[in-house]
Each structure stands twice: as structure tokens, then as C-alpha cells.
Amino acid sequence: MSVKAKTKQCKSAIITHSPCSQSTQMEQNKMTEQDLHTGDNPESAEKGGEQELRRHRLAKLDRIRQRGDEPYKYVFDRTHSIGDARNLLESMEKEADENEPPAFPARLAGRIVARRVQGKSTFMDIRDESGRIQVFLGEKQVGEVAYEETKDLDIGDFIGVSGSVKKTRRGEITLFAEVYEILAKSLRPSAEKYHGLADVEIRYRHRFLDLVANPEVMTVFRKRIEMIEVMRSWLRSHGFLEVETPMLHPIPGGATARPFITHHNTYDSQFYLRVAPELYLKKLLVGGFEKVFEINRCFRNEGVDGRHNPEFTTMEMYEAYQDYMGLMDETEDMLTHMMEAIVGSRSFVYQGQEIEIGRPWKRLTLFDAIRQYAGIDLESTKDRDTAARLAKSIGVEITPDMGYGKIVDEVMSEKVQPNLVQPTFLYDYPWELSPLAKRKRGNPELTERFQPFIACLEVGNAFSELNDPIDQRQRFEAQVALREAGDDEAQYLDEDFLTALEVGMPPAAGLGIGIDRMAMIVTNSPSIRDVILFPQLRPGV
RNA sequence: GGACGGGUAGCUCAGCCGGUAGAGCAUCGGACUUUUAAUCCGGUGGCCGCGGGUUCGAAUCCCGCCCCGUUCACCA
């Protein structure tokens with residue numbers, strides 16, 4: 001499906017019907033009629049299914065205007081949403097006696113999603129955000145002229161209808177129309193009424209078509225929105241303040257990731273779209289905030305697939321005087337809360353896997369998990385080459401440029417993560433993997449870090465925040481060395497952040513949660529693109 | 001970037017061991033005053049993703065390219 005071609009077509013169609021000529025409206029309409037019947041107008045003579053469907057609708061638009069009606073209204077005063085109207089009738093039914101079937105007057109509005117014409121009566125289904133209702137239009141009820149004019153309505157149009165809400169003989173809740181008016185004309189054909197819109201490329205590139213054709217898509221996004229609300233209210237009720245920090249970073253920081261580069265004209269400077277808000281949020285702890293969080297976008301210039309979108313949403317929270325174990329308890333509470341609130345029970349299915357939201361979650365050190373699931377011991381093996389040999393022995397591919405930390409990470413992703421179906425925390429990671437985490441008490445080779453996993457998806461990352469400015473500088477320098485050795489994902493040395501740590505940051509724990517991945521899990525969506533309204537696809541085409 | 005699958009009417013899909021491009025829905029015309037995937041009759045609608053090649057003849061076979069999906073690689 002070529003978007004460009006579509007645009008072109010629609011432009012030429014607009015030109016055909018452009019009111020810029022000196023002809024009167026009447027003449028234009030005549031021309032349109034002529035187009036329809038003879039097809040000999042040179043500009044619109046071209047056939048083509050989509051063009052023709054469009055011309056039919058433009059002709060209807062002309063007719064509506066010709067009779068002095070406005071096909072794009074300004075307001076419509078509804079008495080009820082469709083959902084409210086349905087609920088009201090149902091509650092009236094419970095109290096009504098059998099001889100007097102309940103009914104009440106209403107003015108409803110919505111998009112026409114189905115039409116069944118039977119000579120002098122017509123049934124339509126209209127839909128608003130709250131639901132769908134059948135509308136009955138009878139020639140006797142609305143009048144001959146108005147009934148004739150329903151022929152200028154199409155699926156996709158918005159209409160407003162006044163009448164009486166009651167059930168038909170067959171028991172369908174129906175708005176029996178007395179008066180109707182068009183509120184907005186649709187010029188494009190609708191998707192197939194039974195199968196909906198299945199082409200994922202169109203669904204992702206033109207989400208509005210997806211939402212119109214596949215109403216269940218909206219429930220996915222409603223769940224996402226609600227999940228974020230539950231998270232936000234959990235955080236607020238635990239004393240966290242929501243803040244906003246920059247998207248434009250002079251130095252990308254807070255995560256090992258490749259950034260997007262942009263440019264500011266007035267400053268004539270290079271900026272990076274943020275890869276993580278971490279360093280700014282910690283600066284707030286330095287400044288005296290004790291519990292802060294931010295729910296916002298991060299941007300990473302990396303591979304795109306079913307679990308990675310170039311821009312994605314994270315929640316990051318920082319809590320002074322807390323450590324990673326305390327934060328682990330809080331994370332468990334918050335995520336359990338979120339999942340239960342959205343799925344409505346203690347268990348649910350994600351892509352065929354039964355997930356139990358029992359508490360407490362399983363907690364394993366990273367090295368215990370590797371021993372348990374990969375059958376090798378990388379903890380007592382500090383030597384890089386020995387670790388590489390062990391990893392290879394269980395079929396994990398190891399390249400010469402991988403250091404000890406990277407090897408551990410690789411074994412974890414390959415051999416451990418696929419087993420983490422039930423909510424699980426892994427904790428205590430090698431220091432090489434975590435340049436912003438505090439060293440573990442009693443074991444400087446490790447950091448106090450944990451990650452929650454659900455349905456084999458990594459949904460977060462947390463640690464006791466490194467607040468020793470000397471250690472932090474050394475970690476940054478190690479990253480810079482990696483960068484100079486060619487690792488373009490290694491982190492930068494951020495002098496301003498080090499200055500902040502030197503001013504003094506209280507002991508603190510911090511957590512990041514991948515909102516999109518959580519949304520995938522609670523909506524049983526296989527792809528991240530199913531939970532992002534407008535996912536990034538390759539432009540153009 | 002590699003492998004595999006896909007791209008045919010506005011939508012959902014057949015056709016793919018070469019021989020005039022199909023169905024259902026939508027749309028247009030006709031019948032029809034309680035349908036709800038309404039029904040019945042008749043019509044319109046196609047650069048078969050794009051570009052080359054093979055062939056008397058290509059939606060179909062071959063090559064290249066574009067886009068989408070899955071997966072691996074990469075990556076939190």
C-alpha cells in the first residue's frame with residue numbers, strides 16, 4: 001500500500017471538485033452528476049476503485065450542501081453517551097412491569113459502522129467511545145424527504161440522532177429516530193466489516209484506521225493508560241513526586257545505548273535525545289528531593305524489533321535513604337498491584353504462558369540463577385578466558401571482544417531468561433555491567449542491582465545508586481576506555497554529574513520500569529508495536 | 001545485516017508446476033417497513049509492490065530492489 005500514491009490520488013480528486021472555478025455551486029454539482037453518469041469529464045474520467053468510491057462520496061457531499069445542509073457541523077448536544085443510554089435502558093427494564101416496556105427520549109451521536117436497508121426502513125449501527133447502538137430509521141417516522149436523504153449517508157459518517165431508546169421485538173436496544181442530522185462526512189471507504197483491517201503495515205502506519213476498523217485495539221490502549229494511572233497513583237500514595245527532566249541532553253547518559261543526535265540552532269550546539277533520565281533525577285536527590293519519579297520517553301538509536309521501538313516509555317523512580325533490597329519489596333508491591341488491577345485476577349495468560357501473580361516473587365542472585373539454569377559456575381571464575389570456555393561448553397556463543405561481565409550477561413540472556421516465566425528478581429550483578437550502581441557490601445566485584453522479569457521479558461532495572469564520586473569517576477573512566485576501544489555504546493564521562501555527587505547525594509535506590517513491556521504483558525500483546533499508538537516504521541514508501 | 005514467510009480490487013483473501021485475473025464484503029442500480037455478517041437480482045472496480053530477464057505468451061519461472069512480518073545477529 002503506497003501512502004504516496006494515495007496522497008496523490010486524493011489531491012487529484014480534490015482538484016476535480018475544487019470550488020476555485022467561477023462556476024456556481026449548482027454548476028459544480030451538475031458537473032459532478034455528469035462525472036458519475038458519463039465519466040467524460042477529462043479530469044475525473046480516470047477510473048480506479050478507490051477514486052470511484054471517493055467520487056461517490058463527494059457527490060453525496062455535494063448533494064448535502066446543495067440542499068442547504070452543512071456536512072461538517074460545529075456542535076451536537078448529546079443527552080447521553082451510547083454506553084450510558086444502554087445502561088439506562090437496562091436498569092429501567094429491571095424495574096418495569098411487563099405490559100409497559102421501558103423507553104426514554106435521547107439524543108445520541110456516533111460514527112455509522114453498519115447499515116442495513118430494507119426499502120422504507122433502515123437500520124444503522126452507530127458507535128461512540130462508549131459503545132455501539134442500533135438506530136432505526138423509518139420513512140413514516142422521519143418523513144419522506146429525510147428518509148430519502150439517508151441515501152447520502154455512508155458507513156464512516158458521523159451522525160446525531162434524536163428519538164426514543166427502547167428494545168426492538170427481537171430484543172436489540174435501539175434508538176428509534178425521529179430526527180437525524182449528519183455531523184461529519186467521511187470520504188474514504190471503510191474496511192471489511194467482518195474481518196476488519198488485518199494488514200499490520202496499515203494498522204501501524206495509520207493507527208486511526210486500525211482504531212476505526214478494530215474496536216478491540218482501543219481496549220488495549222485503555223488498559224495501557226489505566227496501568228500507567230495505577231502506577232502513578234501507587235507512586236503518589238507512597239510519597240513520590242512526579243517531575244520532568246530534559247529530553248535534550250548535551251551529554252547522553254544514564255544508560256549504555258547509542259543516542260539520537262540533534263542540533264540546536266541558537267546555541268549552535270549538538271544535543272542528544274535522552275537515552276535515560278537517570279542522571280538528572282539523581283541530581284534532584286542531590287538538590288534535596290527525596291522521592292521523585294518521571295514517566296516519559298527515552299530514545300535509543302538501535303535495532304527495531306517486536307520488543308524495541310526507537311522511542312519508548314519508562315518510569316524511573318529514586319528514593320533517598322533506601323537500598324536495593326527495600327526497593328525490591330516496593331517494586332514487587334507496585335508491579336503486582338498494576339498487573340492485578342488490569343487483568344483483574346491473580347493469574348493471566350501471556351502468549352500461551354500462564355502467569356501467576358503470587359507473592360513473594362522468586363528471588364535469585366544472578367550467579368545462582370546461572371548455576372541453576374545454565375549448570376555452570378561463573379561466580380568462582382573471575383578469569384575472563386575460563387568464563388568464556390565454560391560459556392562455550394554450554395553452547396553460548398562468545399566473541400573475543402566480550403569481557404567477563406559481557407559473558408555473564410550473555411549466559412543470562414541465553415540460558416536463564418527463557419526460564420523466567422513467573423515474576424522473578426535476579427540480583428547482584430558483576431560491576432562491569434553496571435557503571436552507575438553501588439558495589440555490594442562485602443563483595444566489591446558485584447553491584448547491588450536487580451532486575452524484575454515477567455513472562456521471560458526483562459521489565460526493569462534497579463540498584464543501590466552509586467553516590468561515591470571517586471568510584472563514579474573511575475567507573476566513567478572505564479566506560480570512556482571502552483568507548484575509545486571502539487564500543488560506541490559505552491557511557492560518557494559527565495563532569496556535571498560528578499560535580500553533583502561531590503556536592504553529596506544521600507544513599508538512595510533507583511528503579512526503571514519499561515512501560516511498554518509491562519503494557520505488552522498485561523494486554524497479552526506479542527509486539528511492542530501493539531501497545532504504542534504510533535510505532536516507528538521505516539519512513540517514506 | 002542473514003534466513004524464512006508475505007505484498008493480487010477500497011477491505012479480507014483465492015489463483016502461483018506459464019495460456020484472456022477471481023470470490024466475499026464494500027460501492028453503484030433494482031426489489032424489499034424489524035434487520036443485526038439482512039436477503040435476492042444486475043453492474044462498476046486491477047501498473048497482480050517496483051525494475052529487469054527468460055518465453056510466442058509471466059500474477060505465476062529467474063535476477064535485482066523496496067516495504068511488512070517472524071527469527072537470528074545486534075541490542076536492555
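Any value given below was found using the heavy atoms of this structure, including those in side chains, with hydrogens, waters and symmetry copies removed. In what follows, every chain begins at residue 1, and chains take the letters A, B, ... in the order their sequences are listed.
Residue pairs meeting the salt bridge (charged side-chain N to carboxylate O under 4.0 Å, His left out) criterion with at least one partner in residues 512-527 of chain A, sequence neighbours excluded, are A:Arg224-A:Asp516.
Legend: residues meeting salt bridge (charged side-chain N to carboxylate O under 4.0 Å, His left out) with A:Asp368, ordered by chain and number and at least two apart, are A:Arg371. Shown here are the ring pair (Phe, Tyr, Trp, His ring centres under 6.0 Å) partners of A:Tyr204, two or more places apart in sequence or in another chain: there are none. Contacts of A:Phe425 classified as ring pair (Phe, Tyr, Trp, His ring centres under 6.0 Å), with partners at least two apart in sequence or in another chain: A:Trp361, A:Phe450. Annotation: ring pair (Phe, Tyr, Trp, His ring centres under 6.0 Å) contacts of A:Phe123 (sequence neighbours excluded): A:Phe136.
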Could you go through nucleotides 25-28 of chain B and list every protein N or O atom that sits under 3.5 Å from one of its N or O atoms, giving the distance for each pair?
| residue | atom | partner | partner atom | Å |
| --- | --- | --- | --- | --- |
| B:C25 | O3' | A:Lys193 | NZ | 3.4 |
| B:A26 | OP1 | A:Lys193 | NZ | 2.9 |
| B:U27 | O2' | A:His56 | ND1 | 2.9 |
| B:C28 | OP1 | A:Lys60 | NZ | 2.4 |

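Distance, A:Gln141 CD to B:U34 C1': 11 Å, rounded to whole Å. Rounding to whole angstrom units, CD of residue A:Glu201 and P of B:U8 are separated by 10 Å.
Here A:Phe453 lies out of heavy-atom contact (under 4.0 Å) with every strand. Nucleic acid contact class of A:Gly514 (heavy atoms, under 4.0 Å, all strands): none. Counting non-hydrogen atoms under 4.0 angstrom, A:Ala114 reaches nothing in the nucleic acid. If you check every strand for non-hydrogen atoms under 4.0 Å, A:Glu172 touches a base.
The C1' atoms of B:A9 and B:G43 are separated by 15 Å, rounded to the nearest whole Å.
Listed pair A:Arg116 / B:U34 fails the phosphate criterion, with no side-chain N or O lying under 4.0 Å from OP1 or OP2. Checking the phosphate oxygens (OP1, OP2) of B:C68, a side-chain nitrogen or oxygen of A:Arg538 falls inside 4.0 Å. In this model, the phosphate group of B:U44 is not approached by any side-chain N or O of A:Arg55 to a distance below 4.0 Å at OP1 or OP2.
Nucleotide B:G1: paired with B:C72 (Watson-Crick or G-U wobble, both distances less than 3.5 Å).
A donor atom on one side chain and an acceptor atom on the other are found under 3.5 Å apart for A:Gln451 and A:Tyr429.
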